[in-house]
Amino acid sequence: MKKARIKTPLGIAELAGDENGLSYFSILDDKEEFDKEIPSELQSAAEQVSEYFNGKREKFDLKLNPQGTEFQKKVWKELINIPFGHTTSYLELSRKLGDEKAIRAVASANGKNPLWILVPCHRVIGSDGSLTGYAGGLHRKKWLLEHENPPIQQRLF
């Protein structure tokens, strides 16, 4: 498994993966240094993440290989279907997966997503529109949602 650390507006991000795909992406809270050289297996991911943060990419085109249970993978696969600039609720996500009573299990799987941003768990909010839970912290979730859906400038005249 190859690893790399890259600089993002939210802090240093760590990527991990191999020829089978990217299995981990997270923003670190530590004051880590970023890597000047990125392993070839992770170069495309690093470039696409940079494009995302620079406003030049809305969808990732990467081979993903997250490790989890079958149920978690099913939830993560559904997260990828949430379009850039849109949100859904945990309840809506549970309904799409066929069982609205599984809302707690869906929320738990969402929280265990090992591929932050790439599998957009930040796009899942509370049914009342509140910013609930995010492994990276609500300040990052808010930043990501605003990045994907910036406020429209009002005309003054």
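Residue numbers start at 1 and run along the sequence shown. Keep in mind it's a predicted model, so treat the numbers as computed, not measured.
In this structure, Leu22 and Ala16 approach most closely via the heavy-atom pair CD1-O, 3.3 Å. Heavy-atom minimum distance, Ile6 versus Ala46: CG2-CB, 4.0 Å. Listed here is the closest heavy atom pair of Ala13 and Ile27: CB-CD1, 3.7 Å. Nearest heavy atoms, Trp76 versus Gly68: CH2-CA, 3.9 Å. Between Ser94 and Ile103, the shortest heavy-atom distance links the atoms OG-CA, 3.1 Å. In plain terms, the two heavy atoms of Ala45 and Leu15 that are nearest each other are CB-CD2, 3.5 Å.
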Output a table of donor-acceptor pairs, distance under 3.5 Å, between side-chain atoms of residues 114-135 and any protein atom two or more places apart or on a different chain; print 'none' if there are none.
residue	atom	partner	partner atom	Å
His122	NE2	Glu148	OE2	2.8
Arg123	NE	Glu148	OE1	2.7
Arg123	NE	Glu148	OE2	3.4
Arg123	NH1	Ile82	O	2.6
Arg123	NH2	Glu148	OE1	3.3
Arg123	NH2	Glu148	OE2	3.0
Asp128	OD1	Ser130	N	3.0
Asp128	OD1	Ser130	OG	2.6

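Taking Ser40 as the reference, nothing meets the side chain to side chain contact (heavy atoms under 4.5 Å, CB included) condition, with sequence neighbours excluded. Glu100 meets the side chain to side chain donor-acceptor pair (under 3.5 Å) test with Arg95; sequence neighbours excluded.
Using a 4.5 Å heavy-atom cutoff, the side chains of Val106 and Phe71 are in contact.
For the atom pair Gln43 CD and Lys2 NZ, the distance stands at 11.5 Å (nearest 0.5 Å). Rounding to the nearest 0.5 Å gives a distance of 9.0 Å between CE of Met1 and CD of Glu19. Distance check: Leu28 CG to Arg5 CZ gives 5.5 Å after rounding to the nearest 0.5 Å. Interatomic distance, Leu144 CG to His139 NE2, rounded to the nearest 0.5 Å: 9.5 Å.
Residue pairs meeting the ring pair (Phe, Tyr, Trp, His ring centres under 6.0 Å) criterion with at least one partner in residues 6-45, sequence neighbours excluded, are absent. Residues in residues 83-92 take part in these side chain to side chain donor-acceptor pair (under 3.5 Å) pairs, two or more places apart or across chains: Thr88-Glu92. Listed by first then second residue, pairs satisfying salt bridge (Lys or Arg N to Asp or Glu O under 4.0 Å) with a partner in residues 64-78 number zero, not counting sequence neighbours.
Using bins of under 30°, 30° to 60° and over 60° for the plane-to-plane angle, the ring pair His147/Phe53 lands in the tilted bin. Ring orientation note: the planes of Phe60 and Tyr52 are tilted relative to one another, at an angle of 30° to 60°.
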